[in-house]
Amino acid sequence: MGIYVGIAIVAVLVTVSVVLYVMKGPQSFMARARRDFAETQEAIDSVLDQDLRDFAARLGAAELDGPAIARVHDRHRAAAASAERAKAADGTTYWQEVSGCTEALAEAARELAAAQAAAAGQPVPVKTPPCLFDPAHGPSVKDVEWAPRGSRPRPVPACAADAVRIAEGGAPDVRVVPLGGADGHAPYFDGHGVYVSWLLGYYSGFDPYLTARVLAGTPIGGHLPDHIRSAQGGRTTPEIEAEFGHHWRHRD
């Protein structure tokens, strides 16, 4: 899936850059494209590194051993390997490595939750989507009502800590990320298409359009249907066309 999403993101960057080509010529076009990609890559790489460090800390604090925890370490190492490959990748493979990293981290988080439950003599948790507010928080435990700024409320998956915060009238711990260059920091869902591959890797294995539904009305939500359709090779169903067709008709 990551390679199709990557192609869609590259297409957006190229569309913007073509204007520069027309106005200033090929040298300016190429220099700007390289600079934009390098700034975006630096921002996302820093987020992947933070995700890896945070999970390593959680894994160390678990103080578990045995085959189950060995699988967690394997997934964490696979995520780290994808992150390292991403740092050396160009625009054609970079996005695939980003989503590969977060997909492996999501699997590691589920494996860790299962190992902790087994160690405590509890049933293995069912597979649930990651926490929407920060997928690096790990698997969700329940849906909570949440509304993006200026949009309608909707049920979204939340981890235990964020579910408690919201139940007590507080705000969830939303992931704030660098946007690249001089754009500063913002919640990941305010970064338009920058963190699409990062997000979709975490949600791999679930309904492909889940993220598009729960993040509708956010800047990233405006990009997700196109990227997801590309990841599906352009294939949809009548139900998906009825739900998102207006979005595609507006863009196509």
J.: One pair to check against side chain to side chain contact (heavy atoms under 4.5 Å, CB included): Glu42 and Asp45. What are the steps and the verdict?
T.: CA-CA 5 Å; Glu42 181 180 11; Asp45 286 351; 5.8 Å; no
J.: Could you tabulate the donor-acceptor pairs under 3.5 Å formed by side-chain atoms of residues 120-132, not counting sequence neighbours?
T.:
| residue | atom | partner | partner atom | Å |
| --- | --- | --- | --- | --- |
| Thr128 | OG1 | Ser140 | N | 3.4 |
| Thr128 | OG1 | Ser140 | O | 2.7 |

J.: Is it the case that atom NZ in Lys87 sees more than 12 heavy atoms from other parts of the structure closer than 6.0 Å?
T.: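 Yes - once you tally the heavy atoms of other residues, nucleotides and ligands closer than 6.0 Å, there are more than 12.
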J.: Looking only at heavy atoms, what is the nearest atom pair of Ala89 and Thr93, with distance?
T.: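 For Ala89 and Thr93, the tightest heavy-atom pair comes out as CB-OG1, 3.3 Å.
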J.: Report the distance from atom NE2 of His223 to atom OG1 of Thr211, rounding to the nearest 0.5 Å.
T.: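 Output value for this atom pair is 13.0 Å.
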J.: Looking only at heavy atoms, what is the nearest atom pair of His137 and Cys159, with distance?
T.: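 Here His137 and Cys159 meet closest at ND1-SG, 3.5 Å.
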J.: At what distance, to the nearest 0.5 angstrom, does OG1 of Thr40 lie from CZ of Arg35?
T.: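 Rounded to the nearest 0.5 Å, the OG1-CZ separation comes to 11.5 Å.
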J.: Measuring from atom CZ of Arg229 to atom CG of Leu224, what distance do you get when rounded to the nearest 0.5 angstrom?
T.: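 Atom-to-atom, Arg229:CZ and Leu224:CG are 13.5 Å apart.
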J.: For residues 55-69, which residue pairs qualify under side-chain hydrogen bond (donor to acceptor under 3.5 Å, both in side chains), counting only residues two or more places apart or in two chains?
T.: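 Passing the test, one end in residues 55-69: no pairs.
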J.: Please report the interatomic distance CG(Leu199) to CD1(Ile220), rounded to the nearest 0.5 Å.
T.: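 One finds 5.0 Å between CG of Leu199 and CD1 of Ile220.
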J.: Out of curiosity, Ile44 CD1 to Cys101 SG, how far, rounded to the nearest 0.5 Å?
T.: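 With rounding to 0.5 Å, CD1 (Ile44) is 11.5 Å from SG (Cys101).
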J.: With hydrophobic residues grouped by side-chain heavy-atom distances under 4.5 Å, do Tyr203 and Val141 end up in a single group?
T.: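 Result: no, two separate clusters.
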J.: Carefully, step by step, assess Trp95 and Val196 under the rule side chain to side chain contact (heavy atoms under 4.5 Å, CB included).
T.: CA-CA 9 Å; Trp95 308 103; Val196 164; over 6 Å; no
J.: Please check if the side chain of Arg235 supplies one atom and the backbone of Gln232 the other of a donor-acceptor pair under 3.5 Å.
T.: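 Between the backbone of Gln232 and the side chain of Arg235 there is a qualifying donor-acceptor contact (under 3.5 Å).
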J.: Counting only heavy atoms from other residues, nucleotides and ligands, does the tally under 6.0 Å from CD of Gln50 exceed 12?
T.: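 For Gln50, atom CD is crowded (more than 12 foreign heavy atoms under 6.0 Å).
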J.: Would you say that Val144 contacts Lys142 through its side chain, given a criterion of any heavy-atom pair below 4.5 Å between the two side chains?
T.: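 Answer yes - side chains close enough.
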J.: Show me the donor-acceptor pairs, under 3.5 Å and distance only, between side chains in residues 147-158 and residues at least two apart or in other chains.
T.:
| residue | atom | partner | partner atom | Å |
| --- | --- | --- | --- | --- |
| Ser151 | OG | Arg154 | NH2 | 3.0 |
| Arg154 | NE | Arg152 | O | 2.8 |
| Arg154 | NH1 | Val214 | O | 2.8 |
| Arg154 | NH1 | Ala216 | O | 3.0 |
| Arg154 | NH2 | Arg152 | O | 3.0 |
| Arg154 | NH2 | Ala216 | O | 3.1 |

J.: Strictly by ring-ring contact (aromatic ring centres under 6.0 Å, His included), give each pair with a member in residues 106-129 just once, sequence neighbours left out.
T.: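 Those involving residues 106-129 do not exist here.
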J.: With ring-ring contact (aromatic ring centres under 6.0 Å, His included) as the rule and sequence neighbours excluded, what pairs involving residues 68-91 come up?
T.: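 Listed once each, the pairs are Phe55-His76.
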J.: Are any side-chain N or O atoms of Ser99 and backbone N or O atoms of Ser197, one a donor and one an acceptor, separated by less than 3.5 Å?
T.: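 Side chain of Ser99 to backbone of Ser197, a donor-acceptor pair under 3.5 Å: no, none is there.
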J.: If I compare all heavy atoms of Ile69 with all of Leu64, which pair ends up nearest, and what's the gap?
T.: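 For Ile69 versus Leu64, the nearest heavy atoms are CG2-O, 3.6 Å.
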J.: Taking only residues two or more places apart in sequence or in another chain, which ones pass side chain to side chain contact (heavy atoms under 4.5 Å, CB included) with Ala104?
T.: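 Partners of Ala104 by the side chain to side chain contact (heavy atoms under 4.5 Å, CB included) criterion, ordered by chain and then number, come out as Arg75, Ala78, Ala79.
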J.: How close do Leu52 and Ala83 get, counting heavy atoms only, and between which atoms?
T.: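 Reported closest heavy-atom pair: CD1-CB, 3.7 Å.
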J.: Under 3.5 Å, is there a donor on one side chain and an acceptor on the other for Asp134 and Tyr202?
T.: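 The criterion, which ignores hydrogens and geometry beyond distance, is not satisfied for Tyr202 and Asp134.
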J.: Is a side-chain N or O of Ser46 found less than 3.5 angstrom from the main chain of Ala43, in a donor-acceptor match?
T.: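 Yes: the side chain of Ser46 pairs with the backbone of Ala43.
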J.: Can you name the side chain to side chain donor-acceptor pair (under 3.5 Å) partners of Ser82, sequence neighbours left out?
T.: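 By the side chain to side chain donor-acceptor pair (under 3.5 Å) rule, Ser82 matches Arg85.
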J.: Looking at residues at least two apart in the chain, or sitting in another chain, which of them share a salt bridge (Lys or Arg N to Asp or Glu O under 4.0 Å) with Glu111?
T.: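 Result, salt bridge (Lys or Arg N to Asp or Glu O under 4.0 Å) vs Glu111: Arg71.
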J.: For Val177, enumerate each residue passing the side chain to side chain contact (heavy atoms under 4.5 Å, CB included) test, keeping only those at least two apart in sequence or located in another chain.
T.: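 Counting only residues at least two positions away or on another chain, Val177 forms a side chain to side chain contact (heavy atoms under 4.5 Å, CB included) with Val47, Arg175, Leu179, Tyr188, Tyr195.
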J.: Mind checking salt bridge (Lys or Arg N to Asp or Glu O under 4.0 Å) for Asp74 and listing every partner two or more places apart, or none if nothing turns up?
T.: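 Partners of Asp74 under the salt bridge (Lys or Arg N to Asp or Glu O under 4.0 Å) test: Arg77.
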J.: If the condition is side chain to side chain contact (heavy atoms under 4.5 Å, CB included), which residues does Pro172 pass it with, not counting sequence neighbours?
T.: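 Once residues adjacent in sequence are excluded, the partners of Pro172 under the side chain to side chain contact (heavy atoms under 4.5 Å, CB included) criterion are Phe133, Trp146, Asp162, Ile166, Val174.
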J.: Does Trp198 reach the side chain of Leu48, with side-chain heavy atoms less than 4.5 Å apart?
T.: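 Yes, their side chains come closer than 4.5 Å.
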J.: Once side chain to side chain contact (heavy atoms under 4.5 Å, CB included) is applied, do any residues pair with Asp207, and if so which ones, sequence neighbours excluded?
T.: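 Once residues adjacent in sequence are excluded, the partners of Asp207 under the side chain to side chain contact (heavy atoms under 4.5 Å, CB included) criterion are Tyr209, Leu210, Arg213.
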